[in-house]
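These values consider heavy atoms only, across backbone and side chains, with no hydrogens, waters or symmetry-generated copies.
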Amino acid sequence: MTTDQSHDELHVQAKRRVVSLIPGSVVNLLEYDLESLTAFCELLGEKRFRAIQLFRWIHQRGCANFEDMSDLAKSLRQKLKGVAEIKPMEVVSQHISYDGTIKWLFDVGGGNVIESVFIPEDDRGTLCLSTQAGCAMGCRFCSTGHQGFSRNLTTGEIIGQLWFAEHFLRKHLQRDERVISNAVMMGMGEPLQNYAVLVPALRMMLDDHAYGLSRRRVTVSTSGLVKKMDLLGLECPVALAVSLHAPNNALRDYLVPLNIKHPLEELMPACVSYLAHAPRDFITFEYCMLDAVNDTDALAHELVQLVKHYGHSVSWCKFNLIPFNPFPASGLHRSKPERILAFAQILSASGITTTIRKTRGDDIDAACGQLAGDVVDRTRVAVRIARQRSAEPAATALATATGAKI
């Protein structure tokens with residue numbers, strides 16, 4: 001529950017959601033945040049504390065069998081049989097990298113397979129989650145976008161990735177305590193395009209009766225859906241990362257097509273506004289380093305001016321420079337290490353906190369921008385991309401923005 005919404009308001013929303021999710025058959029309790037589970041238990045004639053017990057069994061202990069929930073009233077266990085279940089997604093495959101990164105492919109039905117990635121570090125364990133089967137944003141440097149879009153994931157499919165990974169890892173690493181300390185919505189899909197079911201999943205991640213993650217350690221990454229950014233700040237403020245990738249509209253139109261709808265003049269003020277609600281005192285800008293496209297000194301200086309113009313200083317944001325992870329369909333190349341370093345030094349010299357993301361899991365195609373899964377595209381993405389690449393205006397825009405010869 002956020003400070004901006006009363007308990008009563010959330011409970012009313014939860015009741016509506018429970019009714020919408022009950023099709024007259026068995027419901028998957030992974031779909032329910034605590035308020036929704038409370039509303040569901042009320043329909044069964046049970047009090048809130050029973051919902052809390054059940055919620056803890058599901059998420060803290062990873063229990064999928066009602067009979068194993070030993071301190072749950074036998075009468076409730078009997079009521080749950082035949083009307084509810086805890087049904088995780090089927091794991092299609094698991095790949096473990098030489099660096100300890102683990103990638104899972106989950107079957108979400110209809111010929112769609114999504115991916116999630118666990119990234120271990122000395123001081124944290126990060127899970128990168130998908131929010132859609134595919135992606136409709138069409139960013140040029142992202143393999144998911146080149147595969148197209150099939151559908152939004154459900155709340156249960158989003159939280160189910162964390163549910164499976166956390167309890168698998170405890171057994172795999174032989175640990176009783178929590179393994180995953182950070183959750184990032186940076187897998188397949190644009191999280192804010194699936195806002196209505198994303199927020200209940202975020203609330204489960206934050207809930208002390210479930211995963212108990214800090215708001216500072218739950219990050220939503222967006223390509224710039226401005227109105228949904230505003231709404232997230234009001235309803236469930238977590239850390240925000242924005243896929244920027246360019247300091248001007250001409251270049252960003254080319255790399256991130258959403259910029260045509262929400263240009264920098266809309267996006268940057270929305271980022272500054274989000275800080276009023278954010279758990280951190282900065283916004284993270286993600287910047288994929290593309291050879292001879294967006295990695296020149298001139299563009300680095302332009303970024304500095306962009307940040308200063310909208311924030312009146314440079315302390316309100318940090319940059320995460322991401323070495324591009326190539327895939328055949330992109331037609332793009334990774335910036336050279338020395339170029340990335342020079343770009344970072346210009347930003348750092350201006351006072352902007354700047355990091356260069358370490359590439360992890362590239363041997364199992366689990367690195368940033370490489371998640372593609374397997375989706376049934378409903379958006380004719382191959383046709384759209386071919387049309388974009390053959391269009392003279394796009395090529396002209398890129399040449400104008402970068403000085404490159406196309």
Discussion item. Are more than 12 heavy atoms, taken from residues, nucleotides or ligands other than K87, located less than 6.0 Å from that residue's NZ atom?
Written reply: no
Fill in: Sub-4.5 Å side-chain heavy-atom contact between Q94 and F168
yes
Worksheet item: Are W163 and F55 an aromatic pair by the rule of ring centers under 6.0 Å?
Response: no
Discussion item. Taking atom CG as the centre, does D176 end up with more than 12 heavy-atom neighbours from other residues, nucleotides or ligands that are less than 6.0 angstrom away?
Written reply: no
Worksheet item: Are side-chain heavy atoms of P200 and I159 found at a separation under 4.5 Å?
Response: no
Fill in: W57/D71 under side chain to side chain donor-acceptor pair (under 3.5 Å): CA gap, chis, key distance, verdict
CA-CA 10 Å; W57 273 106; D71 64 351; 2.6 Å; yes
Discussion item. Assess the residue pair R178 and Y211 against the criterion (side chain to side chain donor-acceptor pair (under 3.5 Å)); give the C-alpha distance rounded to whole Å, side-chain angles, the decisive distance to 0.1 Å, and a yes or no.
Written reply: CA-CA 8 Å; R178 186 174 65 196; Y211 302 95; over 6 Å; no
Discussion item. Could you check, using the six-membered ring where one of them is a Trp, whether F324 and F141 have ring centers closer than 6.0 angstrom?
Written reply: no
Discussion item. Could you report the tightest heavy-atom contact between T155 and V197, atom names first, then the distance?
Written reply: OG1-O, 2.8 Å
Worksheet item: In Å, rounded to the nearest 0.5 Å, how long is the span from OG1 of T38 to CD of E42?
Response: 7.0 Å
Worksheet item: What distance do M89 atom CE and S116 atom OG have between them, rounded to the nearest 0.5 Å?
Response: 6.5 Å
Worksheet item: Hey, does the side chain of Q60 reach the backbone of D208 with a donor-acceptor pair shorter than 3.5 angstrom?
Response: yes
Worksheet item: Relative to the ring of Y32, is the ring of F40 parallel (under 30°), tilted (30 to 60°) or perpendicular (over 60°)?
Response: tilted
Worksheet item: Do the non-hydrogen side-chain atoms of F319 and S348 ever get within less than 4.5 Å of each other?
Response: no
Worksheet item: Is D107 reaching over with its side chain to a backbone N or O of V113, donor-acceptor style, under 3.5 angstrom?
Response: no
Item to complete: Supply the atom-to-atom distance L290 CG to I322 CD1, rounded to the nearest 0.5 angstrom.
Response: 10.0 Å
Discussion item. Let me confirm one number: the CG-OG1 distance from L321 to T355, rounded to the nearest 0.5 Å.
Written reply: 6.5 Å
Worksheet item: Would you find a donor on one side and an acceptor on the other, under 3.5 Å apart, between the side chain of H262 and the backbone of L258?
Response: no
Fill in: Evaluation steps, side chain to side chain donor-acceptor pair (under 3.5 Å), between N152 and Q193
CA-CA 8 Å; N152 287 326; Q193 200 175 40; over 6 Å; no
Worksheet entry | Beyond-backbone contact of R151 with L153, side-chain heavy atoms, under 4.5 angstrom | yes
Practice prompt. Look at atom CD of Q174 and say whether more than 12 heavy atoms of other residues, nucleotides or ligands are closer to it than 6.0 Å.
Written response: no
Discussion item. Under the criterion side chain to side chain donor-acceptor pair (under 3.5 Å), I'd like the reasoning laid out for T131 against E190: C-alpha separation, chi angles, the key distance, then a yes or no.
Written reply: CA-CA 7 Å; T131 54; E190 163 56 60; over 6 Å; no
Worksheet item: Which value, rounded to the nearest 0.5 Å, describes the distance between H209 atom NE2 and L54 atom CG?
Response: 12.5 Å
Worksheet item: Given side chains that start at C-beta, do those of F285 and M268 come closer than 4.5 Å, heavy atoms only?
Response: yes
